[in-house]
2 protein chains.
Amino acid sequence: MTESTELLYPQKWLSKASTGDRVTCELRMQIISGRIESGTILSENKLAADFEVSRSPIREALKVLASENLIRLERMGAVVIGLKEKEIEEIYDVRLLIETFVFERLVKIDTKGVVRELSKILEMMKVAIKYQDPDEFSYQDVLFHETIIRTINHSYIMMIWNNVKPVMEALILLSMRNRFEEKYDDFARIVKNHQLYIEAIDTKNRDLMIQSLHQNFDDVQGKVEDLWLSQQMLSKGVDPEK
Amino acid sequence: MTESTELLYPQKWLSKASTGDRVTCELRMQIISGRIESGTILSENKLAADFEVSRSPIREALKVLASENLIRLERMGAVVIGLKEKEIEEIYDVRLLIETFVFERLVKIDTKGVVRELSKILEMMKVAIKYQDPDEFSYQDVLFHETIIRTINHSYIMMIWNNVKPVMEALILLSMRNRFEEKYDDFARIVKNHQLYIEAIDTKNRDLMIQSLHQNFDDVQGKVEDLWLSQQMLSKGVDPEK
DNA sequence: ACTAGGATACTTGTATACAAGTATTATAAA
DNA sequence: TTTATAATACTTGTATACAAGTATCCTAGT
């Protein structure tokens, strides 16, 4: 497989990243986007040849992706698992689990600071929409949720977040790029949901928070299937089943 | 630092493990036990010299320990974080989070199989007590909870478990070794709590489950401080404050 | 005495070499 | 034709070499 295909991960996010990190991010995107199909067996040597790097950063990347449940390390080669509907739902479960836990802590502390911070991020998201920059929008979206989580200062919840964050980031990135081209008016709703989330935190309204959290998920999940289909058609022609 | 100190991690659990895994497990135990104090700066070269292996398995170990929040990888060296009270409580949070989630799924499915399996494990735990084998007991204890979690077939919950499991394992291991020497009759209560847990799953009694989960935590947590003190005195003499 | 600058001894990240083990394939014998 | 065996081409795991960057310490100059 020659390297004639373009890179999926935003290069400007990798300005100071190591080769290992670059490989990790790019491989992750290729797996989640479906460019590398699930079931594929990856070999360290082959990947090293494809990426034109040594096995060291490749090994590093595979370890990370395995910890994210995107691949499964076996005796001979790494088997690509990828993200199917089941996995997407599971990630949703985890995110719901994390953020509801976080919310329970948030209602006990002063949230003025974080509300202000979230408002700023939301403004940034609006600007990203205005200038039609899906990558910037995705970055701010992920940052939005990370900011909320970081507030409660819980290192082991943060650990969980750090494990799901890259996958979520990739998922949102792909979804947003797709929608900037087709369903541009979706973004008004997304912004509104985030506004609702901020309000929930500000007023410490538990029900409102759950509601906006679910809606926010629907925003991503609803269009994921479209994404797959387009990606799959792009990569292997037709056959949209199985 | 010459290697005149004995190994903390059960060697028989490492029969087919790679050098990297051995280093990971041993380093984890040394950090959690306090033999390596928090704040210590670890260097790859020094560790490689101490363990008499190359830097490759050391690097692997440090990456894993960093993902478990036991160390923090920085520019020059890895800073040991370790487990203080705060971290222990956080791990407890995560475990409560996971297992309550799991329970909500369990009540919706047939639990005959898992109840039987758990009963078997509990029998094994009793045997381990009878023959005063703290390592075997700890193994079965961890297996008990893993079995519960595995039942719901949720790869991303499993991912979280896989991240906290090694830390919990080490914690339980150290705690149990300590208690086999001093508070032998604690085990009757532990067994009883596990019996309660099984019953909760069998009868799908949510309250009972929460109750036994909390008690089970108290079993571990209650004695953790003793453990620290003994370990700290063992490693650096006196001074039990700060 | 004190500061500036450079040599030195670290650090990590990547590439490469080697060892040991496993799947595959081809060949030879029944 | 089928089966057993041996050679080969993989695989991963570990060790080592090298490059680039950073902290430290020592020296020289003021």
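To find a chain, count down the sequence lines: A is the first, B the second, and so on, and within it residues start at 1.
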Sequence-distant partners of [X], side chain to side chain donor-acceptor pair (under 3.5 Å), two or more places apart:
{"X": "Thr40(B)", "result": "none"}
{"X": "Glu87(B)", "result": "none"}
{"X": "Asn45(A)", "result": "none"}
{"X": "Glu26(A)", "result": "Gln30(A)"}

Between the protein and nucleotides 10-13 of chain C, which nitrogen or oxygen pairs come in under 3.5 angstrom?
{"unit_1": "dT11(C)", "atom_1": "OP1", "unit_2": "Ser43(B)", "atom_2": "OG", "d": "2.7"}
{"unit_1": "dT11(C)", "atom_1": "OP2", "unit_2": "Asn45(B)", "atom_2": "ND2", "d": "3.2"}
{"unit_1": "dT12(C)", "atom_1": "OP2", "unit_2": "Glu44(B)", "atom_2": "N", "d": "3.4"}
{"unit_1": "dG13(C)", "atom_1": "OP2", "unit_2": "Arg59(B)", "atom_2": "NH1", "d": "3.0"}
{"unit_1": "dG13(C)", "atom_1": "OP2", "unit_2": "Arg59(B)", "atom_2": "NH2", "d": "3.0"}
{"unit_1": "dG13(C)", "atom_1": "N7", "unit_2": "Arg55(B)", "atom_2": "NH2", "d": "2.8"}
{"unit_1": "dG13(C)", "atom_1": "O6", "unit_2": "Arg55(B)", "atom_2": "NH1", "d": "2.9"}

Passing candidate, side chain to side chain contact (heavy atoms under 4.5 Å, CB included) with Ile71(A), options Leu62(A), Val79(A), Val64(A):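 That would be Leu62(A).
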For Tyr92(A), ring-ring contact (aromatic ring centres under 6.0 Å, His included) partners two or more places apart: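 Applying ring-ring contact (aromatic ring centres under 6.0 Å, His included) to Tyr92(A) gives His214(A), Phe217(A).
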Residues that Phe137(A) engages under ring-ring contact (aromatic ring centres under 6.0 Å, His included), provided they are two or more places apart: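 Applying ring-ring contact (aromatic ring centres under 6.0 Å, His included) to Phe137(A) gives Phe187(A).
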Distances under 3.5 Å only, N/O to N/O: pair up the protein atoms with those of nucleotides 7-9 of chain C.
none

Phosphate contact (dA15(D) OP1 or OP2) by Ser54(B) side-chain N/O below 4.0 Å: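 Yes, within the criterion.
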Nearest-Å distance for atom pair CD/P, residues Glu52(B) and dT14(D):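 Atom-to-atom, Glu52(B) to dT14(D), this comes out as 16 Å.
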With sequence neighbours left out, write down each residue that passes salt bridge (Lys or Arg N to Asp or Glu O under 4.0 Å) with [X], or none if nothing qualifies.
{"X": "Glu169(A)", "value": "none"}
{"X": "Glu136(B)", "value": "none"}
{"X": "Asp135(A)", "value": "Arg177(A)"}

Axial bend angle, the helix from dA1(C)-dT30(D) to dA30(C)-dT1(D): five-pair end segments, nearest 10°: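 Terminal axis comparison yields 20°.
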